[in-house]
Amino acid sequence: MEYNFIEIEKKWQKFWADNKTYKVDTDSHKPKFYVLDMFPYPSGAGLHVGHPLGYIASDIYSRFKRLKGFNVLHPMGYDAFGLPAEQYAIQTGQHPAVTTEKNIQRYREQLDRIGFSYDWDREIRTCEPSYYKWTQWAFLEMFNHWFDNKTSKAQPIDMLISIFEKEGNTNINACCGEVSSFTAQEWNSMTELQQADILMQYRIAYLGETSVNWCPELGTVLANDEVKEGLSLRGGFPVVQRKMRQWQLRVSAYAQRLLDDMEDLNWTDSLKEMQRNWIGRSQGAEILFKAGHQKASYDITIFTTRADTIFGATFMVLAPESEWVDKLTSDECREQVDQYLVLAAKKTERERIAETKKMSGVFTGSYAINPFTEEKIPVWISDYVLAGYGTGAIMAVPAHDSRDYTFAKQFDLPIIPLIEGCDISSESFDAKEGIMCNSGFLNGMSVEQAIPAAIDEVERRALGKRKINYRLRDAIFSRQRYWGEPFPIYYKDGIANPIPLDSLPLELPEVDKFLPTESGEPPLARAEKWTYNGYPIETSTMPGFAGSSAYYLRYMDPNNSNSLVSKEANSYWRNVDLYIGGTEHATGHLIYSRFWNKFLYDIGYVCEKEPFKKLINQGMIQGRSNFVYRVKGSNKFVSLNLKDGYDTTEIHVDVNIVHNDKLDIDAFRAWMPEYSSAEFILEDGEYICGWAVEKMSKSMFNVVNPDTICEKYGADTLRLYEMFLGPLEQSKPWDTNGIDGVNRFLKRFWRLFFKEGEFSVSSEPADAKELRVLHKLIKKIESDIENFSFNTGVSAFMIALNELYDLNCNKKEILEPYTILLSSFAPHISEELWRLMGNEGSVCLAEYPKYIHEYTVEDSFEYPISFNGKLRFKLNLSLKLSKEEIEKAVREDANTMRVLNGLTIKKIIIVPGKIVNIVC
RNA sequence: GCGGGCAUGGCGUAAUUGGUAGCCGCGCUAGACUUAGGAUCUAGUGCCGAGAGGCGUGGGGGUUCGAGUCCCUUUGCCCGCACCA
């Protein structure tokens, strides 16, 4: 009987679906295990072979854990809100819900063919009202909470109000916007609007005016992680900074906790490092400088991590957007300053970044007093200082900061070296090392000593205080788009009010067009009756990360209509034990999700403070393009190794009509009409194609659809091959050159169960050699899966199969456990063979094979000579032993003899102290 | 510029974690069975050499009885961050 993978795979996929083989429930006496994939955005292009890489790995792990007796939660869903569907809608007028639905169906079909063990009853889609009800709910919870710095945790806003009513805000230490202090009486005498404005400064989800990334092309604001090098991640359009009033999430309040709790996570160091950089904690001090011109004087606070260099602060710089700019600009300089501000505002982020080498700036006309040197130093404005970081103002120390140095050189400002022996003739000395000089009381100290000493002095003289700054900023949460979650907020008399929970979900309304209105309002403003009790509803929608921030919680209890997740479900499933996905979410989703989880933890909603215990980043699969070489001016194509003799043009050819770099000539002629009469110059009767590794994309003709592989080789081969390709975390090109080997392995495995076309498995007991093969395999597979070393795992299956062929073994005692082990990797073929062996119930739920046989010294068998006839043992020998003594020790060592029994020792290689190599 | 990672046959990779480098697979060579084979099976396959043997983990140096693995240095690739004061 042939290995008919098409039939087998179809049969078992249907069986698993019909019988809900992979359905899981919370009420179980088994230990839980939660394995999660980063759910996909269902794009119109469908899945290519790169997408399932992580899914296959997580599926193998899930199946393995299930075999080991765990109750495994392994769900899948779709991150279905997003820009591409909306842009498609704008172009075609088709509702994004329609295209999204279509794409999801396609994804589902493709996923189903690969044989994943998902519990599809738990599928979620972020664009469904029953799901986004809970996204809206979480937003309202954030709206109704504030962050208490004293306890470092979210607290209800009602509690804040009652404190205000009793004692004002003087005793409150909150993470909030700019609020001046007030007493209880002052609070109580405020209007409703005034109170609402103040409360807004405290809320965790708040409406606030800040400098935002505005993308004119997309017509929306973007979060920091959606912008890279001044361009939008989606589409690559320029982004400018603009002051806008937007909904924001106070992620920055959680900066320290996000940092601290990372310690216990089982994530890669590089990913943790990325998050650390993104959070960007820096320790320093805020220092007060008096500054002003003839007409007025102000206190300006700056932030610095190098308080030790204050004696070298020879000027001050303000960000163009700084609120001090207006105040410190003198009348004489007003005109130039205004010109500069206009110029700076027009620059895109990208231009700003590009101008690192050349700096621009303008003098304000004001001077500040360096509090340590008492010198008068000029105050400048330049866009190399960012408004959003620190206080938007710096003390410039050109001798020890490269940016200040460039600026000082350009505008001819004084540079004072502060470290003995440093050379600042051509560049600044940025290193934090050396002995201080020109620095008053700090002279003679090392930099390390001088930093705290300087801050102590600052604090003693009440010029400022120690301060920790974070690069992490609050997340801009509004998008001026249609295809997202509506905000459950309505406006009454200028006050933002929550739409109560029992009116949720607030469903996305129908609109006639998906574009902004003529007056520039977001598309939702087109909706008829977009009101609540007659009051207008917020017209922005939430960003992509809103729906993906808590989806892992929803899987625990996907159909609950009373709660995001029930207490019972949450306390059973707790958090994700294994999360697999790409690194591209390091600073977006993985930060937001952690923040979201921590907030829900604070309000007592979830029981774990971190969402994802272990995280694996699968590598990207790149495309491997193939080329043909057309002789210029003809329809002749020359094979790779002969092309040097001709003047040729390199042309991408569809990789699906190339096999092992050999072109299928007939398929090529049929591929495009212009090649139908193509002629070929062959080498050894073949046309060999050139190749290159490129991004997988349609235009390079190197996209491989997993369906194609499933048709040709079957899903089991696809699964094994993707794992065999190399280490999971490594990026690699998709290269089908080796797929035949893996396919051959499955065919060989299949044949092991058949004799002359008949299914034939022996029920005789296995002998020691055969058991050894099995036990070696069990041990290896177990450790490989636990270490996510799936490539060597596949190899181990192949090695064991070779050995079984050598032993001519078809015994059930060996083949049955082998089949169970293989079922994690190749479930379809395993299921078929499992049933043919006469078993009831799915192999996927079978009992994990255990060691059924322990070796003892009495076991006598020849050691399989798979180490090229050489064995190596560790023995506890001392240097002083003679060769004979060592030989004797080897012979007497029980562990060694157990394996050596029955073999003749030919040679012993001795390395004194540790190791003995034995050739038999 | 800063931070992290990698470098092993013609190719993808492996190496019991400091112990005879090259497992497994691809490809290739030869053979068997075949009308045929993108099927199957057998043998071989790091490099040089007829052979004995020698040389080999990007280059150079070091530690060690012993280094692909540890340390220093250098080169080349990949990834992340980038005016964050």
Side-chain angles (χ1 to χ4, degrees), chain A residues 2 228-229 268-278 280-282 284 302-307 309 313 317 319 352-357 359 382-386 388-397 400-404 406-407 427 430 469-473 583-584 586-587 617 619-620 659-662 664 691 712 720-721 724-727 729-733 735-745 747-748 751 780 783 789 791-802 805 866-868 870-874 879 907 909-919:
Chain A
E2 278 295 295
K228 214 173 177 183
E229 288 171 9
T268 59
D269 290 338
S270 72
L271 197 87
K272 285 187 184 178
E273 192 57 28
M274 270 193 233
Q275 290 218 340
R276 267 185 222 113
N277 288 341
W278 189 258
R281 182 185 199 269
S282 61
I302 59 99
F303 174 74
T304 181
T305 54
R306 292 294 302 273
T309 61
V317 189
R352 205 164 148 153
I353 291 164
E355 286 171 13
T356 314
K357 292 281 173 284
M359 284 190 169
S382 172
D383 61 8
Y384 84 90
V385 174
L386 303 176
Y389 184 78
T391 60
I394 62 155
M395 67 173 198
V397 186
H400 302 289
D401 182 285
S402 53
R403 297 149 301 178
D404 298 345
T406 314
F407 195 81
E427 58 179 0
D430 290 11
N469 249 319
Y470 299 92
R471 206 182 77 107
L472 183 73
R473 290 193 240 167
T583 1
E584 66 272 19
T587 51
N617 293 117
M620 275 227 278
H659 193 261
N660 288 357
D661 290 335
K662 289 170 197 151
D664 180 335
W691 61 273
K712 205 162 169 186
L720 282 168
Y721 188 59
F724 186 67
L725 222 41
E729 308 196 50
Q730 194 174 298
S731 284
K732 54 226 154 190
D735 177 358
T736 48
N737 281 346
I739 199 165
D740 290 315
V742 169
N743 188 236
R744 200 168 293 149
F745 157 72
K747 286 194 267 191
R748 254 161 72 84
R751 277 204 307 275
K780 181 82 171 114
S783 76
S789 183
N791 54 331
T792 56
V794 177
S795 293
F797 281 116
M798 293 176 173
I799 294 167
L801 184 65
N802 288 343
Y805 264 97
S866 62
F867 295 101
N868 295 329
K870 295 161 195 169
L871 304 171
R872 190 170 61 229
F873 299 102
K874 292 200 182 192
L879 278 160
K907 195 168 134 195
I909 304 162
I910 301 151
V911 181
K914 288 176 189 167
I915 291 291
V916 177
N917 297 314
I918 302 165
V919 180

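We name chains A, B, ... by the order of the sequence lines, and we start the count at 1 in each one.
Remark: B:rA85 base-pairs with no nucleotide in the shown strands. Criterion, Watson-Crick or G-U wobble with two distances under 3.5 Å. Shown here, B:rU42 forms a base pair with B:rA30; the pair counts as Watson-Crick or G-U wobble because both key distances fall under 3.5 Å. Across every strand in view, B:rA67 sits unpaired, with no contact that passes the Watson-Crick or G-U test at under 3.5 angstrom. Base-pair partner of B:rG25: B:rC11 (Watson-Crick or G-U wobble, both distances under 3.5 Å). Base pairing of B:rG80 is made with B:rC2, judged by Watson-Crick or G-U wobble geometry with both donor-acceptor distances under 3.5 Å. Base pairing annotation: B:rA50 forms no Watson-Crick or G-U wobble pair, as no partner gives both donor-acceptor distances under 3.5 Å.
Counting only N and O atoms by type, the side chains of A:N277 and A:R471 include no donor and acceptor under 3.5 Å apart. A donor-acceptor contact closer than 3.5 angstrom links the side chains of A:Y384 and A:D404.
Residue A:R744 has its side chain nearest to B:rU40 when only B:rA85, B:rU40, B:rC83 are considered. Side-chain atoms of A:M274 lie closest to B:rG80 of the nucleotides B:rG80, B:rC24, B:rA14. For A:L386, the listed nucleotide lying nearest its side chain is B:rA85; candidates were B:rG27, B:rA82, B:rA85. Among the nucleotides B:rA39, B:rC81, B:rA85, the one closest to the side chain of A:R471 is B:rC81. Of all nucleotides listed (B:rG12, B:rG38, B:rA82), B:rG38 comes nearest to the side chain of A:D664. Closest contact between the side chain of A:S270 and the listed nucleotides B:rC83, B:rG4, B:rG25 involves B:rG4.
Among the heavy atoms of the strands lying under 4.0 Å from A:N737 are primed sugar atoms or P, OP1, OP2 only; no base atom is included. Here A:P733 lies out of heavy-atom contact (under 4.0 Å) with every strand. Among the protein residues, A:D269 comes within range of no part of the nucleic acid, since none of its heavy atoms lies under 4.0 Å from any strand. Residue A:L725 is in sugar-phosphate contact alone, with no base atom involved, counting any heavy-atom pair closer than 4.0 Å across all strands shown. Nucleic acid contact for A:K732: none, since no nucleic acid atom lies under 4.0 Å from a heavy atom of the residue. No engagement by A:K272 is indicated, since no non-hydrogen atom pair under 4.0 Å with the nucleic acid exists.
Distance noted for atom C1' between B:rU40 and B:rG22: 28 Å (whole Å). Here, B:rU69 and B:rU8 have their P atoms 13 Å apart, quoted to the whole Å. Atom P of B:rA21 sits at a distance of 42 Å from the matching atom of B:rG37, rounded to the whole Å. Here, B:rG25 and B:rC78 have their P atoms 32 Å apart, quoted to the whole Å. Comparing the same atom, P, in B:rC6 and in B:rG58 gives a spacing of 13 Å after rounding to whole Å. Distance noted for atom P between B:rG54 and B:rU17: 29 Å (whole Å). Between B:rG46 and B:rC41, the distance separating the two C1' atoms is 26 Å to the nearest Å. Nucleotides B:rC26 and B:rG9 have their C1' atoms positioned 13 Å apart, rounded to a whole Å.
If you measure from atom CZ of A:F797 to atom P of B:rA14, you get 17 Å, rounded to the nearest angstrom. Taking atom CZ on A:F745 and atom P on B:rC26, their separation rounds to 12 Å, with Å as the unit. The CG atom of A:D430 sits 13 Å away from the P atom of B:rG3 (whole-angstrom rounding). Atom OH in A:Y805 sits roughly 13 Å away from atom P in B:rG25 (whole-Å rounding). Residue A:Y721 contributes atom OH, which lies 14 Å from atom P of B:rG25 at whole-angstrom precision. Between the CD1 atom of A:I739 and the P atom of B:rC24 there is a distance of 21 Å, rounded to whole Å. Rounded to an integer number of Å, the gap from A:K712 NZ to B:rG38 P is 12 Å. Taking atom CG on A:N791 and atom P on B:rC26, their separation rounds to 16 Å, with Å as the unit.
Side-chain N/O atoms of A:N802 include one lying less than 4.0 angstrom from OP1 or OP2 on B:rG25. Look at A:Y389 and you'll find a side-chain N or O under 4.0 angstrom from OP1 or OP2 of B:rA85. Here A:R751 reaches the OP1 or OP2 of B:rC41: one of its side-chain N or O atoms lies under 4.0 Å away. Remark: A:S402 is not in phosphate contact with B:rG1, judged by side-chain N or O atoms under 4.0 Å from OP1 or OP2.
When each of A:Q730 and A:D740 is assigned the nucleotide of RNA chain B bearing its nearest heavy atom, the one mapping closer to the 5' terminus is A:Q730. Toward the 5′ end of RNA chain B lies the nearest nucleotide of A:E273, the other residue of the pair A:E273 and A:K747 mapping further downstream.
In this structure, NZ on A:K712 lies 8.5 Å from CD1 on A:I739, to the nearest 0.5 angstrom. Remark: A:K780 NZ to A:T792 OG1 distance equals 4.0 Å, nearest 0.5 Å. Note that CG of A:D740 and CZ of A:F745 are 15.0 Å apart. Values are rounded to the nearest 0.5 Å.
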message: Before you tell me yes or no, could you show the steps for A:N802 and A:R748 under side chain to side chain contact (heavy atoms under 4.5 Å, CB included), namely the whole-Å CA-CA distance, both residues' side-chain angles and the distance that decides it to 0.1 Å?
response: CA-CA 9 Å; A:N802 288 343; A:R748 254 161 72 84; 2.6 Å; yes
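Contact of the A:D401 side chain with the A:R306 side chain is not registered, since no non-hydrogen atoms from C-beta on lie closer than 4.5 Å. Contact of the A:V742 side chain with the A:M798 side chain is registered, since non-hydrogen atoms from C-beta on lie closer than 4.5 Å. Side-chain atoms of A:T309 and A:M395, non-hydrogen and from C-beta on, do get closer than 4.5 Å to each other.
With its glycosidic angle within 90° of 0, B:rU17 is assigned syn. Against the 90° criterion about 0, the sugar-base torsion of B:rG62 places it in the anti range.
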